[in-house]
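Below you'll find the structure, written out as structure tokens, and then a few comments.
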Amino acid sequence: MQIEIKIYDDRQSLSASAAERWLSLYRESIAKHGVFHVALAGGSTPRQLYQLLTRPDISQQVEWQRVHIYFGDERAVPPDHPDSNFRMAKEALLDHVPIPRANIYRIETERGDMREAALHYEQLLVNNLPETEEGVPQFDLVLLGIGPDGHTASLFPDTDILQQQERYVDAVYVKQKSTWRVSITFPVINHARHVLFLVAGADKQAVVQQILSDSQYSPRLPVQMLKPAGQVEMYLDSDAAGQVASPGGYT
Ligand code: 6PG
């Protein structure tokens with residue numbers, strides 16, 4: 001996986017740069033096919049980026065009716081639950097920009113049956129996203145975080161979903177958290193036109209080091225199992241970067 005690394009002093013500058021990058025990818029996608037299909041990351045790191053996108057000087061550069069918002073994964077909670085990735089995005093971004101409600105595609109995990117929710121979301125991706133030559137639904141941008149254990153989206157170590165190469169969305173029981181999740185799978189992330197990782201915090205140092213010193217012999221973390229065909233960028237704050245050499249491309 002060829003990753004272009006950028007290192008920032010702090011979360012604020014990381015988020016500001018991510019907002020500029022989001023805008024440039026938005027413009028590129030609009031020029032390419034008139035819409036911008038983006039999968040949001042959950043967790044805490046991307047919140048500041050989402051808040052920045054609501055700032056008038058940024059938001060007014062976006063034709064929000066051309067933006068379609070999806071989610072890379074969701075927890076098994078209602079949409080108004082404090083743990084909901086949808087709720088975080090709604091509070092930080094979606095309630096503050098003029099995006100049509102019909103352009104927001106929530107993973108409906110409150111349905112109770114997580115496999116049913118995954119099937120429903122997979123069909124939604126198939127119905128709304130353009131597909132690659134291989135017939136895989138293609139996002140213009142997938143935003144991702146990385147956990148200290150090397151998970152990304154809800155692709156956690158030692159879970160069945162890591163073997164999922166057919167389905168585009170799947171339900172996964174995450175024993176480490178004793179809970180179910182619904183997540184996009186490797187095929188969908190690998191076929192995205194752009195993947196942008198936002199990684200901050202000293203607890204990510206070890207996993208960042210392992211990713212960047214990747215050799216085919218090192219134990220494979222889920223994030224190292226990705227084989228994106230599109231462009232992959234990773235924005236790190238200095239806490240997460242630790243002793244990583246100066247930014248540049250890594251393979
Ligand atoms: C989630 C995310 C998950 C997250 C990482 C990093 O639902 O929690 O999909 O993959 O991006 O755990 O989370 P932080 O940004 O909070 O460190």
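Side chains are part of it too, since the values below use all heavy atoms of this structure and drop only hydrogens, waters and symmetry mates. Predicted, not measured: the structure shown is a model, and the values here were computed from it. All ligand and atom numbering here is 1-based and tracks the order in the structure.
Counting heavy atoms closer than 4.0 Å to ligand 1, residue L198 contributes nothing at all. Residue contacts with ligand 1 for A41 are absent, since no atom lies close enough (heavy atoms, distance under 4.0 Å). At a heavy-atom distance under 4.0 Å, only side-chain atoms of R75, from C-beta outward, approach ligand 1. Residue D73 touches ligand 1 through its side chain alone, judged by heavy-atom distances below 4.0 Å.
Within ligand 1, the atoms closer than 4.0 Å to a non-hydrogen atom of R181 are 1 (C), 7 (O), numbered from 1 in the order shown. Taking a cut-off of under 4.0 Å to the non-hydrogen atoms of G145, the atoms of ligand 1 that pass are 11 (O). Atoms of ligand 1 lying under 4.0 Å from any heavy atom of N85, numbered from 1 in the order shown and given with element: 1 (C), 7 (O).
Remark: distances from the non-hydrogen atoms of S154 to ligand 1 are all 4.0 Å or more.
When hydrogens are left out, the protein atom nearest atom 17 (O) of ligand 1 is K204 NZ, 2.6 Å; that is the closest non-hydrogen contact. Ranking the protein heavy atoms by distance from atom 13 (O) of ligand 1 puts G43 CA, 4.0 Å first. The protein atom (non-hydrogen) at minimum distance from atom 12 (O) of ligand 1 is H151 NE2, 2.7 Å. The single protein non-hydrogen atom nearest to atom 15 (O) of ligand 1 is T45 OG1, 2.6 Å, given as residue, atom name and distance. Distance from atom 6 (C) of ligand 1 to its nearest protein heavy atom, with residue and atom name: I146 O, 3.6 Å.
One N or O on the side chain of S183 and one on the backbone of S154 form a donor-acceptor pair closer than 3.5 Å. Judged by distance alone, with hydrogens and angles left aside, the side-chain atoms of H96 form a donor-acceptor pair with the main-chain N or O of E91 at under 3.5 Å.
Between W22 and F36, the distance separating the two ring centers is shorter than 6.0 angstrom.
By the 4.0 Å N-to-carboxylate-O rule, R193 lies close enough to E28 to be salt-bridged with it. Look at R181 and D73 and you find a salt bridge, because one of the NZ, NE, NH1 or NH2 atoms lies within 4.0 Å of a carboxylate O, short of that distance.
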Report all side-chain donor-acceptor pairs from residues 116-124 shorter than 3.5 Å, counting only partners two or more places apart or in another chain.
| from | atom 1 | to | atom 2 | distance (Å) |
| --- | --- | --- | --- | --- |
| H120 | NE2 | R111 | NH2 | 3.1 |
| Y121 | OH | F71 | N | 3.0 |
| Y121 | OH | Y105 | O | 2.7 |
| E122 | OE1 | R167 | NE | 3.0 |
| E122 | OE2 | R167 | NE | 3.1 |
| E122 | OE2 | Y168 | N | 2.6 |
| Q123 | NE2 | N127 | OD1 | 2.9 |

Can you give me every donor-acceptor pair (side chain of residues 173-180, partner residue at least two apart or in another chain, under 3.5 Å) with its distance?
| from | atom 1 | to | atom 2 | distance (Å) |
| --- | --- | --- | --- | --- |
| K175 | NZ | D158 | O | 2.5 |
| Q176 | NE2 | P157 | O | 2.8 |

Item to check | Check against ring-ring contact (aromatic ring centres under 6.0 Å, His included), Y8 and Y235 | outcome: CA-CA 7 Å; Y8 298 90; Y235 287 11; 5.3 Å; yes

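Taking hydrophobic clusters as Ile, Leu, Val, Met, Phe, Trp and Tyr residues chained together by side-chain heavy-atom distances below 4.5 Å, I58 shares a cluster with I69.
For the residues G201, A153, S183, the heavy atom positioned nearest atom 10 (O) of ligand 1 is part of A153.
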